[in-house]
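Structure first, then comments.
Note on naming: letters A, B, ... go to the chains in the order of the sequence lines (proteins, then strands), and numbering restarts at 1 for each one.
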2 protein chains.
Amino acid sequence: MKPDALRGHLDALLLATLDGAALHGYAIIEALQQRSGGALDLPTGTVYPALRRLERGGLVASEWATVGGRQRRTYRLTSAGRKALAGERTAWREFTTAIDGVLGGGPWPTPA
Amino acid sequence: MKPDALRGHLDALLLATLDGAALHGYAIIEALQQRSGGALDLPTGTVYPALRRLERGGLVASEWATVGGRQRRTYRLTSAGRKALAGERTAWREFTTAIDGVLGGGPWPTPA
DNA sequence: TCTCCATATGTAGCCGAACTACATGTAGGT
DNA sequence: ACCTACATGTAGTTCGGCTACATATGGAGA
């Protein structure tokens with residue numbers, strides 16, 4: 001997977017991962033690996049800043065917890081985040097429809 | 001459509017547009033509008049440099065032509081470009097499969 | 001014990017592709 | 001004369017994801 005492919009779609013991935021369950025950053029990375037069938041292996045330097053950005057935007061909220069002596073910052077969707085996720089899903093559908101329309105299934109016939 | 005969404009997928013779009021027909025830049029932009037159902041309206045500042053980049057990479061080749069007093073640089077796929085297009089189509093399928101796997105159809109059930 | 005790995009979070013700085021804005025010129029319609 | 005469509009192109013900005021690094025705990029194994 002070329003690195004730039006995710007540009008503009010990362011927010012949707014993070015929001016979707018938090019849909020239905022609050023997770024901490026490291027667990028989000030693992031969840032993305034699993035749900036993508038191993039295709040997505042995001043570095044921490046990508047995920048953690050993105051989560052802070054989403055928090056600044058009010059789409060997620062976080063709380064600290066200590067589990068087994070380890071510090072965890074657990075993120076959950078806010079109501080604004082849920083709305084944003086719905087928008088992201090729609091945008092994703094429109095985006096893939098547009099690209100699929102161009103990529104089609106092969107060469108286009110020369111118009112008669 | 002948020003601007004960054006195209007990141008990393010533009011090459012595939014351009015190559016696919018040239019698959020089966022040689023076109024000049026302006027016509028490529030119009031073809032992308034049509035085939036995407038109006039969703040893609042790429043500025044010339046995006047398309048022309050991208051075509052030059054593809055030409056530098058040997059994926060397309062161009063020839064000048066004069067049509068109705070207007071200069072046109074017509075691009076066509078090279079054999080390397082055809083191979084690259086096949087790769088791009090595969091990458092696109094893998095990419096959408098990965099993202100769809102994460103976005104799913106809604107909230108994920110808590111594992112029992 | 002010491003080392004290594006998995007777990008867990010985070011920052012600084014770079015890279016580069018797509019965008020904005022601009023510049024240039026022809027043809028045709030009003 | 002003016003505007004729009006056609007047609008190509010460059011300069012510079014933007015900014016999000018990446019690389020690389022820094023930090024710290026717990027557990028397994030040599």
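For the pair Leu6(A) CG and dC15(D) P, the interatomic distance rounds to 19 Å; values are reported in whole Å. Taking atom NE2 of residue His9(B) and atom P of nucleotide dA17(C), one finds them 13 Å apart after rounding to whole Å. For the pair Tyr75(B) OH and dA7(D) P, the computed distance is 14 Å after rounding to whole Å. Rounded to whole angstrom, the span from the CD atom of Glu88(B) across to the C1' atom of dA17(C) amounts to 14 Å. A straight line from NZ of Lys2(B) to C1' of dC15(D) spans 13 Å, rounded to a whole angstrom. Straight-line distance from the CZ atom of Arg70(A) to the P atom of dG10(C): 15 Å, rounded to whole Å. Between the CG atom of Leu51(A) and the P atom of dG16(D) there is a distance of 15 Å, given to the nearest Å. Whole-Å rounding puts the Leu10(B) CG to dG16(C) P distance at 17 Å.
Look at Arg73(B) and you'll find a side-chain N or O under 4.0 angstrom from OP1 or OP2 of dG9(D). Distances shown here put every side-chain N or O of Arg53(A) at or beyond 4.0 Å from the OP1 or OP2 atom of dC15(D).
Paired with Tyr75(A) under the rule side chain to side chain contact (heavy atoms under 4.5 Å, CB included), one option of Leu54(A), Leu59(A), Leu51(A) passes, and it is Leu51(A).
Between Asp4(A) and Thr74(A), the one whose closest nucleotide on DNA chain C sits nearer the 5' end is Thr74(A). Nearer the 5' end of DNA chain D, as judged by each residue's closest nucleotide, is the contact made by Gly8(A), out of Gly68(A) and Gly8(A).
Of the candidates dT8(D), dT9(C), dT26(C), dT9(C) carries the atom nearest the Arg72(A) side chain, counting heavy atoms from C-beta on. Relative to the side chain of Tyr26(B), the nucleotides dC19(C), dC6(D), dG16(D) differ in distance, and dC6(D) lies closest.
Between the side chain of Glu88(A) and the backbone N or O of Leu15(A) there is no donor-acceptor pair closer than 3.5 Å. In terms of modelled atom types and a separation under 3.5 Å, the side chain of Thr78(B) and the main chain of Gly58(B) share a donor-acceptor contact. With hydrogens and angles ignored, the 3.5 Å screen pairs a side-chain donor or acceptor of Arg89(B) with a backbone N or O of Leu103(A).
For the pair Asp41(A)/Met1(A), no side-chain contact is recorded, criterion being any heavy-atom separation below 4.5 Å from C-beta on.
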Which protein N or O atoms sit under 3.5 Å from an N or O of nucleotides 11-13 of chain C?
unit_1  : atom_1 : unit_2   : atom_2 : d
dT11(C) : OP1    : Arg52(A) : NH1    : 3.4
dT11(C) : OP2    : Arg52(A) : NH1    : 3.3

For a side chain to side chain contact (heavy atoms under 4.5 Å, CB included) check, start with the C-alpha distance between Ile28(B) and Leu42(B), then their side-chain angles and the critical distance, and finish with the verdict. CA-CA 10 Å; Ile28(B) 291 176; Leu42(B) 305 188; over 6 Å; no
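Scanning atom types as modelled, no donor and acceptor separated by under 3.5 angstrom connect the side chain of Arg7(A) and the base of dG17(D).
Remark: nothing in residues 54-61 of chain B comes within less than 4.0 Å of DNA chain D through any heavy atom.
Contact between Ala50(B) and Leu10(B) at its shortest, heavy atoms only, is CB-CD2, 3.7 Å. Listed here is the closest heavy atom pair of Ala12(B) and Leu85(B): O-CD1, 4.0 Å.
By the 4.0 Å N-to-carboxylate-O rule, Asp11(A) lies too far from Lys2(B) to be salt-bridged with it.
Ring geometry for His9(B) versus Phe95(B): interplanar angle of 30 to 60°, hence tilted.
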